[in-house]
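A quick note: this is a predicted structure, and the numbers were derived from the prediction, not measured.
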Amino acid sequence: MCGLVGLVGKGTAGPDIYDALTVLQHRGQDAAGIMTCHGGRFTQRKSEGLVRDVFRQDHMQRLKGPMGIGHVRYPTAGSSGTALAQPFYVNSPYGIALAHNGNLTNSEQLTRELFQDDLRHLNTDSDSEVLLNVFAHELQTLGKLSPTAEDVFQAVTAVHRRCRGGYAAVALIVDYGVVGFRDPLGIRPLVVGVRQTDAGDEYMLASESVALDVLGFRMLGDVAPGEAVFIDSRGAMYRRQCAENPQLRPCIFEHVYFARPDSLMDGISVYKTRMRQGEALARKVLRERPDHDIDVVIPIPDTSRIAGQALASELGIKFREGFMKNRYIGRTFIMPGQSQRKKSVRQKLNPVPLEFEGKNVMLVDDSIVRGTTCRQIIQMARDAGANKVYFASAAPPVRYPNVYGIDMPSASELIAHGRTVAEVCDAIGADWLVYQDLDDLINCSREGNKSTMGFDCSVFNGEYPTGDVDQAYLERIEALRNDDAQSRSRARVLAEGTVVGIHNDVS
């Protein structure tokens, strides 16, 4: 999962893109990058690390021009390093930079086609570079010296015909404008907004509406599944549906974990959705244990706080903040490597003993993925004096890997894969475990926008909406995503260096 920003403004775009990326930092903490355009030239800065660490004052002073794109990266196949930081760039045609959120499920096939048929060279194994080169090739085949909005839309139409998977992208075409597009199922999010200034309208594309809000842009709406939005260098915006059979099937895990609660996605309030998740979970608690002995509900901060508050309210019992969070530690779900995740949990959370001593505590989390984190937290609650520790997950059991841009581990590393709820309960050391029902989770999201065709719930039910994911594909990503493979990948990057191909960072 990554965060995207694209901006066509009237002043210098770099500072606004920087601010937007800080708002989207929760979507990726591995690397960050900004590319701007001024006077027919691209200027770029990208590197590993948080936004605040990647960009210094001298970098920002060199990121000139009224147009630009930005990216925060979260690795989806165990790889990391500056070589895979985005945006990526090609010089033909025109000069195009692209930033991408998601995953192409047919990237191996496309890589062969790009080399054998399109005669294009790739510097990395990133499917984001594949997507950029497919778009660049389709634009180049039109043979136009100066591309128009219609040309851009034709190229995106061809991209949709060739590419499979979940993807949202923003691309900067030198001196011509910025284009944003979204996969035909709308699996990955993208929104567009406008800000009025004395010099004229400015437009921004972003992964979440909160980035627009913070910078004073008025949200015009979501980029529709299969749609492309092109803002030219003069500030004129054009929109076109570029897919043959678009359907809205967004990733439901955005509502569970990834998105900020103050974001709107496809007309759905993430905050209200998480409230409904807590209420639905409370109703299940009452169905399964009407005579429960829960004394207090305690969330595992931060993403489960809203659901935990709603659950406690619905049950009519106390809600307390029993864990204090060190806000200078990153999101453990995004941490590469199991040993690093284990270490970060103890650094990240510290219990408040008074809220645990002698009580029957229900801990609430947004989901359970590997199970190692919640196992440690349950033990922390016991060490703090809890009498009994119950555990509630606002999401159903995660039993299948994600193939559309979330680095869910291989199936064998998912604690619920091949286990019953009782077996998971034993494995994490809880006295009782309750999961959200999938139908309830779907209804919690659909309540916000009943026009949705459905949701990508593949991590829960193993049903992949693009229809091209088979067992052989899952076995390939298993080999790429398990912790051993990720450790080998990081060791290789350190041994070989992080720069591949042309290195044009501003430094």
Donor-acceptor under 3.5 Å ([X] side chain, [Y] main chain):
X: Gln25; Y: Val51; answer: yes
X: Thr273; Y: Ser269; answer: yes
X: Arg27; Y: Cys2; answer: yes
X: Asn402; Y: Gly405; answer: yes
X: Arg276; Y: Ser445; answer: no
X: Glu227; Y: Ala224; answer: yes
X: Ser209; Y: Leu264; answer: yes
X: Asp295; Y: Asn360; answer: yes
X: Gln241; Y: Ala243; answer: yes
X: Arg182; Y: Arg188; answer: yes

Quick one, Val296 with Ile317, criterion side-chain contact (heavy atoms from CB on, under 4.5 Å). Give me CA distance, side-chain angles, the key distance, then yes/no. CA-CA 6 Å; Val296 62; Ile317 58 180; over 6 Å; no

Is there a donor-acceptor contact under 3.5 Å linking the side chains of [X] and [Y]?
X: Gln436; Y: Ser393; answer: no
X: Ser128; Y: Gln86; answer: yes
X: Asn106; Y: Tyr473; answer: no
X: Gln379; Y: Asp383; answer: yes
X: Thr303; Y: Asp366; answer: yes
X: Asn449; Y: Asp266; answer: no

Walk me through whether Asp293 and Tyr390 qualify under side-chain hydrogen bond (donor to acceptor under 3.5 Å, both in side chains). CA-CA 10 Å; Asp293 57 353; Tyr390 307 132; 2.6 Å; yes

Residue pairs involving residues 268-327 (criterion ring pair (Phe, Tyr, Trp, His ring centres under 6.0 Å); sequence neighbours excluded):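 Ring pair (Phe, Tyr, Trp, His ring centres under 6.0 Å) check on residues 268-327 returns Phe323-Phe356.
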
Considering only heavy atoms from C-beta outward, does the side chain of [X] approach that of [Y] to under 4.5 Å?
X: Met204; Y: Leu215; answer: yes
X: Val389; Y: Arg382; answer: yes
X: Val364; Y: Val297; answer: yes
X: Trp432; Y: Lys388; answer: no
X: Thr452; Y: Arg249; answer: no
X: Asn103; Y: Tyr167; answer: no
X: Ile306; Y: Met275; answer: yes
X: Leu4; Y: His71; answer: yes

So that I know where these two stand, are Phe258 and Tyr74 an aromatic pair - ring centroids less than 6.0 Å apart?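 Aromatic pair counts; centres sit under 6.0 Å.
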
Just checking [X]: does its [atom1] atom have more than 12 heavy atoms from other residues, nucleotides or ligands closer to it than 6.0 angstrom?
X: Lys284; atom1: NZ; result: yes
X: Arg52; atom1: CZ; result: no
X: Arg218; atom1: CZ; result: no
X: Gln247; atom1: CD; result: yes

Considering the options Thr466, Asn245, Leu248, which one meets the side chain to side chain contact (heavy atoms under 4.5 Å, CB included) requirement together with Leu185?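 Answer after filtering Thr466, Asn245, Leu248: Thr466.
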
In sequence, state the C-alpha distance, the side-chain angles, and the governing distance for Leu441 and Val256, and then conclude on side-chain contact (heavy atoms from CB on, under 4.5 Å). CA-CA 9 Å; Leu441 181 69; Val256 171; 3.9 Å; yes

Parallel, tilted or perpendicular: ring planes of [X] versus [Y], cut at 30 and 60 degrees:
X: Phe55; Y: His59; result: perpendicular
X: His255; Y: Phe455; result: perpendicular
X: Phe253; Y: Phe460; result: tilted

Closest contact, heavy atoms only, Asp127 versus Leu104: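 Shortest heavy-atom separation between Asp127 and Leu104 comes out as OD2-N, 2.7 Å.
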
State the [atom1]-[atom2] distance between [X] and [Y], to the nearest 0.5 angstrom.
X: Asp125; Y: Leu84; atom1: CG; atom2: CG; result: 6.0 Å
X: Leu190; Y: Glu208; atom1: CG; atom2: CD; result: 11.0 Å
X: Ile252; Y: Met265; atom1: CD1; atom2: CE; result: 12.5 Å
X: Ile300; Y: Ser367; atom1: CD1; atom2: OG; result: 10.0 Å
X: Glu254; Y: Ile187; atom1: CD; atom2: CD1; result: 11.0 Å

Output every pair passing salt bridge (charged side-chain N to carboxylate O under 4.0 Å, His left out) with a member in residues 419-430, not counting sequence neighbours, ordered by first then second residue.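 Every candidate salt bridge (charged side-chain N to carboxylate O under 4.0 Å, His left out) pair involving residues 419-430 fails, so no pair, neighbours aside, qualifies.
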
Evaluate Asp16 against Arg195 for salt bridge (Lys or Arg N to Asp or Glu O under 4.0 Å), listing each step before the verdict. CA-CA 12 Å; Asp16 278 346; Arg195 181 173 65 185; 2.6 Å; yes

Under 4.0 Å between a Lys/Arg side-chain N and an Asp/Glu carboxylate O for Glu321 and Arg305? yes

What I want to find out is whether Asp213 reaches Arg260 closely enough, with some N-O distance under 4.0 Å, to be called a salt bridge. no

Are Phe391 and Ile368 close enough, and set up right, to give a side-chain contact (heavy atoms from CB on, under 4.5 Å), and what steps lead you there? CA-CA 10 Å; Phe391 204 95; Ile368 304 172; 3.8 Å; yes

Under the side-chain contact (heavy atoms from CB on, under 4.5 Å) criterion, do Met1 and Tyr404 qualify, and how do the steps go? CA-CA 9 Å; Met1 190 65 61; Tyr404 300 124; over 6 Å; no

